[in-house]
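For reference, the structure is listed below as structure tokens.
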2 protein chains.
Amino acid sequence: MKTRSGEAAFLARYRPADYPRPSVTVDLVILTVIDAELRVLLIQRKEHPYKGSWALPGGFVRVGDGDDQGEDLDAAAIRELGEETGLGPRTKPMYLEQLHTFGRAGRDPRMRVITVAYFALVPPDLAPLVVAGGDAAHAEWVAIPSLRKLAFDHAEIIRTALTRVAAELDRIASKLVPSTFTIPELRSVYTLVTGQPQDPGNFRRRFNRLVEDGVIEKAAGKRITSSKPATVYRFTG
Amino acid sequence: MKTRSGEAAFLARYRPADYPRPSVTVDLVILTVIDAELRVLLIQRKEHPYKGSWALPGGFVRVGDGDDQGEDLDAAAIRELGEETGLGPRTKPMYLEQLHTFGRAGRDPRMRVITVAYFALVPPDLAPLVVAGGDAAHAEWVAIPSLRKLAFDHAEIIRTALTRVAAELDRIASKLVPSTFTIPELRSVYTLVTGQPQDPGNFRRRFNRLVEDGVIEKAAGKRITSSKPATVYRFTG
DNA sequence: ATAATAGTGTCTATTAGACAATATCCT
DNA sequence: AGGATATTGTCTAATAGACACTATTAT
């Protein structure tokens, strides 16, 4: 009784169940570029609610109250990303960033669910491997413009992700091109993400500044297309 | 039994408690400018853990699984903001924006707690009313540079908020000045938040562009200081 | 040869930044 | 009168945007 007001005694007295708790999930907006289209990885729901609708991949965050409080939020997102894409830490790590947390009451009719949304960017050369991988056998790369009815508030989550990606494009465009790429290829990423046509000349001028600054460097070879071949570059670092 | 595979039957069968759940809170980084200092509203903890340390105001999100799933995340933040500042919807609404969600395992030793952090901006003329209000009688406006040991991961949360506010300053600086203000007053907000001295002439030029664009307009009167009085402006809209 | 696209050059307008100089007010 | 600060002005460099033009390849 001597530690009556001590920290250990206080923590032992604490009743974790005093307040009702929500379920917490992570949902992933996984983006890539395929066939000159911006696409998002979606799964088709096989259970109610929203049976048959497209939905974002995601899952519950593993938590606990004891000595093991479970996994970090970011770890949960990384784990889900690996499970859904089949691309683990062995392959090139993909870009992953927390987006926003959505917690509207009633967004899931079963129970109160708060979801921490992340977005991930997959380089186009890895995208074909994804639909073949593990849990994602039932997943598809769906083009953004062709999005129809989505489960829950996932349409809003995707909209939020697209706005963020467009706003931060200069910082993250490198994650949406293969390891080597041409100026027109990077330009097409900008065109797709911003929805605005990019002037070839002006884009090239900005691109060359990145080369001067050492952010981008020339790589070997030329990219053969149906017209004049283009010089190949890579991001340094 | 006829609706065996129907949605209603499925939802009835669903067991919300199948996965362990974390506690979810909202924490608030409430910022203002007092005496030419950027300050954050903190409370001194009266209980373990971190007894005696400064901490961000915040509280549990009210949730449920039944017909009433509780309050929205944003609503919880607005409610806490009102409770802590004593400034309700009656007064000028303050700026409030979701910041980031922090969920590291072990960040609260009692139990697994995931917190959705928000930041709020209080115009300096309302700041003095805050420490007098309701639950916030035990709260204080603490200058950023003098922050010592903070509870939980609240130091990291504040750092994240300051980075965000600095990055978005053009968009939100209007929330950190009184309803009428002078060019040097707005300039001092920029100086405080960015930590960089702002050239008077160059700042004025940018300011005048906002006037030309109708974002800012002249107000009546002059601000009397210890030297030459300055013209008073206000944000339109 | 022609279509298509890579790549270059030019012009204008806008903006940031450094910095000098002047104007106006309080004490 | 003197100090402080509001206010104006000037110069340079960097950048965005529109747009005409040339070069090189596949077919």
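Naming convention: chains lettered A, B, ... in sequence-line order (proteins, then strands); numbering from 1 in each chain.
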Go through DNA chain D in 5' to 3' direction and return only the first and the last nucleotide with some atom under 4.0 Å of chain A's heavy atoms. dT15(D) to dA26(D)
Return the nearest nucleotide to the side chain of T231(A); candidates are dG7(C), dA23(C), dA6(C). dG7(C)
Note: E97(B)-R164(B) ion pair, threshold 4.0 Å (strictly below): yes
Give a yes or no on whether a salt bridge exists between R209(B) and E212(B), defined as a side-chain N under 4.0 angstrom from a carboxylate O. no
So, do T231(B) and I183(B) sit near enough that their side-chain heavy atoms are less than 4.5 Å apart? no
Assess the residue pair Y190(B) and D170(B) against the criterion (side chain to side chain donor-acceptor pair (under 3.5 Å)); give the C-alpha distance rounded to whole Å, side-chain angles, the decisive distance to 0.1 Å, and a yes or no. CA-CA 9 Å; Y190(B) 271 75; D170(B) 284 344; 2.6 Å; yes
When you measure from the side chain of D72(A) to the backbone N and O of A75(A), does any donor-acceptor pair fall under 3.5 Å? no
Between L56(A) and the options L42(A), T115(A), L150(A), the side chain to side chain contact (heavy atoms under 4.5 Å, CB included) test singles out L42(A)
Hey, can you tell me if F181(B) and Y233(B) have their rings parallel, tilted or perpendicular (30° and 60° cut-offs)? tilted
Do any N or O atoms from the side chain of R45(A) and from the backbone of A55(A) form a donor-acceptor pair under 3.5 angstrom? no
What residues in residues 208-225 of chain B put a non-hydrogen atom under 4.0 Å from any atom of DNA chain C? R209(B), T225(B)
For K46(A), does the NZ atom sit with more than 12 other heavy atoms under 6.0 Å from it, leaving out its own atoms? yes
What are the residues of residues 199-206 of chain B, sorted by number, that bring a heavy atom to within less than 4.0 Å of DNA chain C? D199(B), N202(B), R205(B), R206(B)
Tell me if a side-chain donor or acceptor on R107(A) pairs with a main-chain N or O of V113(A) at a distance below 3.5 Å. yes
